[in-house]
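The next block holds one structure in the form of structure tokens; read it before the comments.
Computed from a prediction, not measured in an experiment: that's the story for all the values here.
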Amino acid sequence: MKQLVIFDLDGTLLNTIDDLGTATNHALKECGFPEHNIHSYPKMVGNGVTKLIERALPEDERDSETVERVRECFKTYYNEHKTDFTKPYPGIHEMLRELGSLGVKVAVASNKYQAAVTSLINHYFPDINWQVIEGQKEGVPTKPDPSIVFEILAKCPTRKSKVLYVGDSGVDMETARRACVDSCGVTWGFRPLKELRDKHADNIAESPDDIIRIVKRPGLELDV
């Protein structure tokens, strides 16, 4: 059985896309750039706010100064409105509680900036005993670089064979591969199943209950 489950945040634990898209559109409009349809944002997220802003800006307006200006506008708005539409996916809370009852430790590894990650986790999951909550921090590379996983393991020492990394994107599957831990791709998030398979997800979860089943499974068999 696994002893530690590391979760991505956006698209895995929380459906944040409407708030992310609304905040990005607000920042674009405030800075004089065209907005996007909310439905176009799932393909833009996953690599942190800076990359989200780069993707949302016109190609000829992606210089570092412009990106930073729009990013700061995004953060100002998002900090005040990040819970307007965001909600946990169905069954997530129950799954987290069951992991706790099994004695399995849980952690978060997100490319969202640290302050927002901590705030969202405390707001939506105050009753869960999180071992580590890691977001994007200055000087630490974003996923798929595995540094964030290594930071979690440094704070919560666990054999890699006993770790499961859960996420909704190819970025997450690549992060797990580079960290040498088993991965689990969830089908309810922002990315299609094909992306998870193309990035060699070790396991596929179609519901939070599947995560429990994978965690409890003995041995190292893979389920794809």
Side-chain angles (χ1 to χ4, degrees), residues 1-16 46 88-112 114 117-118 120-136 142-191 193 196 199-224:
M1 189 170 87
K2 298 299 186 186
Q3 297 174 353
L4 171 65
V5 183
I6 301 173
F7 290 95
D8 172 51
L9 181 63
D10 300 77
T12 302
L13 296 176
L14 296 175
N15 185 350
T16 56
Y89 288 100
I92 291 295
H93 232 124
E94 293 79 2
M95 177 268 295
L96 292 171
R97 290 196 192 102
E98 185 166 355
L99 288 176
S101 71
L102 292 169
V104 177
K105 298 175 181 177
V106 293
V108 172
S110 175
N111 274 343
K112 190 192 296 291
Q114 182 70 53
V117 174
T118 302
L120 286 168
I121 288 294
N122 289 338
H123 179 82
Y124 288 103
F125 306 108
D127 57 326
I128 303 301
N129 182 24
W130 300 97
Q131 298 296 306
V132 189
I133 300 171
E134 289 287 339
Q136 184 272 326
T142 56
K143 301 183 292 184
D145 185 285
S147 295
I148 193 169
V149 175
F150 298 152
E151 290 217 357
I152 289 171
L153 294 181
K155 295 175 181 178
C156 185
T158 308
R159 285 169 47 200
K160 287 187 178 182
S161 63
K162 295 296 185 179
V163 177
L164 183 68
Y165 182 101
V166 180
D168 71 308
S169 71
V171 168
D172 293 308
M173 301 306 100
E174 180 66 11
T175 302
R177 186 190 69 79
R178 294 188 188 185
C180 298
V181 300
D182 285 348
S183 62
C184 175
V186 304
T187 61
W188 56 80
F190 302 155
R191 299 289 204 234
L193 175 60
L196 301 174
K199 288 296 183 177
H200 311 292
D202 296 320
N203 305 274
I204 296 295
E206 297 182 352
S207 73
D209 286 341
D210 286 342
I211 295 174
I212 298 295
R213 176 178 59 81
I214 293 164
V215 165
K216 293 170 70 174
R217 188 175 53 216
L220 298 176
E221 305 88 8
L222 302 182
D223 174 31
V224 179

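- Considering every non-hydrogen atom in both V163 and R159, the closest pair reads CG2-O, 3.4 Å.
- For the residue pair D145 and S147, a side-chain donor N or O sits within less than 3.5 Å of a side-chain acceptor on the partner.
- In this structure, L153 CG and Q131 CD are separated by 12.0 Å, a value rounded to the nearest 0.5 Å.
- One finds the CD1 atom of I92 at 8.0 Å from the OG1 atom of T12 (value rounded to the nearest 0.5 Å).
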Next on the checklist: Pair I6, V181 - check side chain to side chain contact (heavy atoms under 4.5 Å, CB included), show working.
Outcome noted: CA-CA 10 Å; I6 301 173; V181 300; 5.9 Å; no
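- How far NZ of K199 is from OG1 of T175: 10.0 Å, rounded to the nearest 0.5 Å.
- Under the 3.5 Å distance criterion, the side-chain polar atoms of S183 are left unmatched by any main-chain donor or acceptor of A201.
- Classified by interplanar angle (parallel below 30°, tilted 30° to 60°, perpendicular above 60°), the ring pair W188/Y89 is tilted.
- Under the side chain to side chain contact (heavy atoms under 4.5 Å, CB included) rule, W130 has a single partner from I121, T118, N122, which is I121.
- Using a distance-only test at 3.5 Å, with no hydrogens or angles considered, no donor-acceptor pair links the side chain of K2 to the main chain of P218.
- Using modelled atom types, no side-chain atom of Q136 and backbone atom of N111 make a donor-acceptor pair closer than 3.5 Å.
- The minimum heavy-atom distance linking C156 with V132 is given by the pair CB-CG2, 4.1 Å.
- More than 12 heavy atoms of other shown residues, nucleotides or ligands fall within 6.0 angstrom of atom NZ in K160.
- Taking both residues in full, the closest heavy atoms of F190 and T16 are given as CZ-OG1, 3.7 Å, listed atom of the first, atom of the second, then distance.
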Checklist entry - Please walk me through it: do V106 and N129 pass side chain to side chain contact (heavy atoms under 4.5 Å, CB included)? => result CA-CA 7 Å; V106 293; N129 182 24; over 6 Å; no
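- Between the side chain of K216 and the backbone N or O of L102 there is no donor-acceptor pair closer than 3.5 Å.
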Checklist entry - Hey, mind stepping through K143 and D8 against salt bridge (Lys or Arg N to Asp or Glu O under 4.0 Å) and telling me if it holds? => result CA-CA 10 Å; K143 301 183 292 184; D8 172 51; 3.0 Å; yes
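- For S110 (side chain) and V108 (main-chain N/O), no donor-acceptor pair under 3.5 Å exists by modelled atom type.
- Taking CD1 from I211 and CE from M95, the interatomic distance works out to 4.0 Å, rounded to the nearest 0.5 Å.
- To the nearest 0.5 angstrom, L164 atom CG is 7.5 Å from F7 atom CZ.
- The backbone N or O of P146 sits nowhere less than 3.5 Å from a side-chain atom of E174 that would complete a donor-acceptor pair.
- V186 approaches L196 most closely through the heavy-atom pair O-CD1, 3.5 Å.
- In this structure, I128 CD1 and L99 CG are separated by 8.5 Å, a value rounded to the nearest 0.5 Å.
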